[in-house]
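Taking it in order: structure first as structure tokens, then the write-up.
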Amino acid sequence: MKNEYMEFARNTLIVANQNGEWKFIAIIKGKVFDVTSNVENETIKMLLATHQFSVIDDYGKELLIHNYDELIEFYNAVNSFRKNFNFCLDRYHSYMDELHKLRKYRTETANCFINDDYNRLVDLLDELVKETSEVLYQLYNAEEAKILEKYIHKPSEDEKLCVLFGLYIAVLRAYICNYDYENSSMTLDEKIRNKFQKEFNYFIADRDCIIEKYAKYFALKQIEIDEIRQLLKDAGIDGGEWITEEAELTLL
């Protein structure tokens, strides 16, 4: 529910829709309470009646849903979009089947029964198939974009920077936890780590008060802020000029 780069409320509803199948995962007080495919499930209604909750999709994106009625509105919008698109897709596949039959007929029939008009018809249908597939692709993207625009929270630049800073911190901690101090020669992994810390240093140098913004965004305690500052200090990441480079030596 919480790590260096994301945080969700202790009451969270995860809304997943894969291949037209719905799944709702209700998390209450930080623990999975119920998993259901029924949007009218009483646990969902109870969760969305609480004072503070998050609604996210299965990619972790925040949905702009503030009550049960808005969930139903979102649910119906997605179902309608999928139903209309699948109807068009089914007609397209049916059309493709007919075109396949025409092609097969042309290859299996003696040439004397196939005239130029028939060949031209098949060629035209081939071109139409290409146009139709492009139209379907654009239709899907356009309709999906409408739903995303209405229901997906768009993070501000400060939010994005705070998440990115958190990702940097998570990777730095992972490097520290996995670093072998007894075998600390400049291996390929260590070179990658060095480059990463250099990039992290540049990131901090270009963003004023990023630690303070990050601490406020994730509501960190003072001890957590001090721990991050110490972590950066130990790694030599302070936003100053980065002059440490690995030596490229070839020993004969």
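In this chain, residues are counted from 1 in sequence order.
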Hey, mind stepping through I210 and Y168 against side chain to side chain contact (heavy atoms under 4.5 Å, CB included) and telling me if it holds? CA-CA 12 Å; I210 183 61; Y168 272 118; over 6 Å; no
Cut-off 3.5 Å, side chains only: do Q18 and D58 have a donor facing an acceptor? yes
Who passes ring-ring contact (aromatic ring centres under 6.0 Å, His included) against Y75, sequence neighbours left out? W22
Looking at K150 and E73, does any basic side-chain N land under 4.0 Å from a carboxylate oxygen? yes
Check ion pair E149-K146 (N to O, under 4.0 angstrom): no
Carboxylate-amine/guanidinium proximity below 4.0 Å for R173 and E227: yes
Would you call E144 and R82 a side-chain contact if the rule is heavy atoms closer than 4.5 Å? no
Are any non-hydrogen side-chain atoms of F53 and I27 less than 4.5 angstrom apart? no
Please report the interatomic distance OG1(T36) to CD(E42), rounded to the nearest 0.5 Å. 10.5 Å
List the steps, then state whether side chain to side chain contact (heavy atoms under 4.5 Å, CB included) holds for L164 with Y5. CA-CA 7 Å; L164 188 53; Y5 51 88; over 6 Å; no
Would a 4.5 Å heavy-atom cut-off, applied to side chains only, mark E143 and F85 as touching? no
Side-chain heavy atoms under 4.5 angstrom apart, residues restricted to Ile, Leu, Val, Met, Phe, Trp, Tyr: same cluster for L64 and L148? no
Where do K216 and Y214 land on the side chain to side chain contact (heavy atoms under 4.5 Å, CB included) test, with the steps shown first? CA-CA 5 Å; K216 183 178 180 180; Y214 176 78; over 6 Å; no
Considering all heavy atoms of both residues, which atom of F24 and which atom of L13 are nearest to each other, and what is their separation? CB-CD1, 4.1 Å
Closest heavy-atom contact between N11 and T50? ND2-OG1, 4.0 Å
Would a 4.5 Å heavy-atom cut-off, applied to side chains only, mark I56 and L63 as touching? no
Please tell me if the side chains of I25 and V35 come closer than 4.5 Å, counting only heavy atoms from C-beta onward. yes
Pairwise distance NZ(K83) to CG(N76) - rounded to 0.5 angstrom: 11.0 Å
Judged by atom type as modelled, is there a donor-acceptor pair below 3.5 Å linking the side chain of S80 to the main-chain atoms of A77? no
Judged by atom type as modelled, is there a donor-acceptor pair below 3.5 Å linking the side chain of E70 to the main-chain atoms of H66? yes
Distance (rounded to the nearest 0.5 Å) between R207 CZ and F165 CZ: 11.5 Å
What one should report as the nearest heavy-atom pair of F218 and K2 is O-NZ, 3.9 Å
From N38 CG over to K23 NZ, what is the distance, rounded to the nearest 0.5 angstrom? 14.0 Å
Taking the side chain as every heavy atom from C-beta outward, state whether K213 and L161 have any atom pair closer than 4.5 Å. no
Quick one: does N201's side chain have a donor or acceptor within less than 3.5 Å of a partner on D238's backbone? yes
Run the side chain to side chain donor-acceptor pair (under 3.5 Å) test on E21 and N17 for me, step by step, so that the C-alpha distance in whole Å, both residues' side-chain angles and the decisive distance to 0.1 Å come before the verdict. CA-CA 5 Å; E21 297 294 327; N17 187 297; over 6 Å; no
For K154, I'd like to know if atom NZ has over 12 heavy atoms of other residues, nucleotides or ligands within 6.0 Å. yes
Closest non-hydrogen atoms of L71 and I65, given as atom of the first, atom of the second and distance, are N-CG2, 3.6 Å
Starting from the C-alpha separation in whole Å, work towards a yes-or-no answer on side chain to side chain contact (heavy atoms under 4.5 Å, CB included) for I204 and I237. CA-CA 8 Å; I204 291 179; I237 299 172; 3.5 Å; yes
Reported OG-to-CE distance for the pair S54 and M1, which is rounded to 0.5 angstrom: 7.0 Å
In the single-linkage hydrophobic clustering (I, L, V, M, F, W, Y; side-chain heavy atoms under 4.5 Å), do I147 and V39 co-cluster? yes
Will you find, in the side chains of S156 and D158, an N or O donor that is under 3.5 Å from an N or O acceptor? no
What I want to check is whether the side chains of D226 and Q222 have a donor and an acceptor closer together than 3.5 Å. yes
Could you check if a side-chain atom of I169 sits within less than 4.5 angstrom of a side-chain atom of L232, using non-hydrogen atoms only? yes
Ring geometry between F74 and Y151 (parallel below 30°, tilted from 30 to 60°, perpendicular above 60°): perpendicular
Looking at every non-hydrogen atom in both residues, tell me the closest pair between D57 and Y59 and how far apart they are. OD1-N, 2.9 Å
Between D34 and A26 (side chain of the first, backbone of the second, donor and acceptor by atom type, cut-off under 3.5 Å), is there such a pair? no
Under a 4.5 Å cut-off applied to non-hydrogen side-chain atoms, are F33 and T43 in contact? yes
CD of E199 to CG of N194: how many Å apart, nearest 0.5 Å? 11.0 Å
Correct closest heavy-atom pair for Q197 and L172 would be OE1-CD1, 4.0 Å
K221 with E224: basic N within carboxylate O range, under 4.0 Å: no
Pair R229 + E212: basic N to acidic O under 4.0 Å: yes
